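Working notes, beginning with the structure itself.
What you see below is based on every heavy atom in this structure, not just the backbone, and it leaves out hydrogens, waters and symmetry mates. As the structure is a prediction and not an experimental result, all values here were calculated from the model.
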Amino acid sequence: MNIGIIESYSNGFLEVIPEGESSDYWQIVGIHINGEVYCPTPQLYRSEKLALVKAAQIYDWIAEHEPVISDGACYCSQLKLILWQQSKVS
């Protein structure tokens, strides 16, 4: 059974999961930074390593542009994806 990966990065962590059982494709399910979770446009990556590299790029972009995302979603033209800020559960 292939489960997701949670990797520490800077002051948060990156979360990636395989597309399915025995799949070589991975997707980013969450970028955790400053107590918030950001979810990028769903996209498949050919390996766990590629997904984690892209997740790190997204994390770095969020760290520089966090105020832009404060309304819940934004388009990141530099990375060509949409980011959604996940609501906190009360």
Side-chain angles (χ1 to χ4, degrees):
M1 181 173 163
N2 202 352
I3 59 172
I5 303 293
I6 296 175
E7 183 171 293
S8 293
Y9 186 80
S10 193
N11 292 325
F13 58 95
L14 314 171
E15 187 177 4
V16 299
I17 61 170
E19 174 195 20
E21 192 66 35
S22 302
S23 177
D24 292 334
Y25 290 90
W26 289 73
Q27 60 184 351
I28 301 166
V29 293
I31 309 295
H32 302 258
I33 181 170
N34 297 329
E36 301 289 337
V37 180
Y38 299 90
C39 303
T41 306
Q43 184 174 349
L44 296 177
Y45 300 91
R46 293 201 44 90
S47 71
E48 169 192 333
K49 183 178 179 178
L50 287 174
L52 287 169
V53 166
K54 184 67 168 192
Q57 291 173 346
I58 296 168
Y59 184 106
D60 292 340
W61 187 90
I62 293 169
E64 292 178 18
H65 300 89
E66 197 169 9
V68 176
I69 308 171
S70 63
D71 290 334
C74 77
Y75 177 71
C76 172
S77 59
Q78 180 182 356
L79 299 173
K80 296 181 174 83
L81 54 80
I82 296 171
L83 286 171
W84 288 272
Q85 185 175 9
Q86 192 70 20
S87 300
K88 290 185 179 180
V89 178
S90 300

Inset, instruction - Using side chain to side chain contact (heavy atoms under 4.5 Å, CB included) as the criterion, point out the one residue from N11, I62, V37, I6 that pairs with H32. - result: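 Going through N11, I62, V37, I6 one by one, the side chain to side chain contact (heavy atoms under 4.5 Å, CB included) with H32 is satisfied by V37 alone.
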Taking all heavy atoms of [X] and all of [Y], pick out the closest pair and write down the distance.
X	Y	answer
P40	I58	CB-CD1, 4.0 Å
Y45	Q27	CD1-CA, 4.4 Å
A51	V16	CB-CG1, 3.9 Å
W84	A73	CD1-CB, 3.8 Å
E36	Y38	CB-CE1, 3.7 Å

Inset, instruction - Give a yes or no answer on whether the side chain of T41 reaches the backbone of L81 with a donor-acceptor pair at less than 3.5 Å. - result: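 Side chain of T41 to backbone of L81: no pair is present.
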Inset, instruction - Report the residues that fulfil side chain to side chain contact (heavy atoms under 4.5 Å, CB included) with Y9, sequence neighbours left out, ordered by chain and then residue number. - result: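 Testing Y9 for side chain to side chain contact (heavy atoms under 4.5 Å, CB included), a comparison that skips the adjacent residues, returns L14, A56, Y59, D60.
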Going from [atom1] on [X] to [atom2] on [Y], what distance comes out if it is rounded to the nearest 0.5 angstrom?
X	Y	atom1	atom2	result
K80	Y75	NZ	OH	7.0 Å
L52	I28	CG	CD1	8.0 Å
D24	E48	CG	CD	11.5 Å

Inset, instruction - Could you check E7 against F13 for side chain to side chain contact (heavy atoms under 4.5 Å, CB included), going step by step and ending with a plain yes or no? - result: CA-CA 5 Å; E7 183 171 293; F13 58 95; over 6 Å; no
Legend entry - Residues L50, K54; criterion side chain to side chain contact (heavy atoms under 4.5 Å, CB included); working and verdict: CA-CA 6 Å; L50 287 174; K54 184 67 168 192; over 6 Å; no
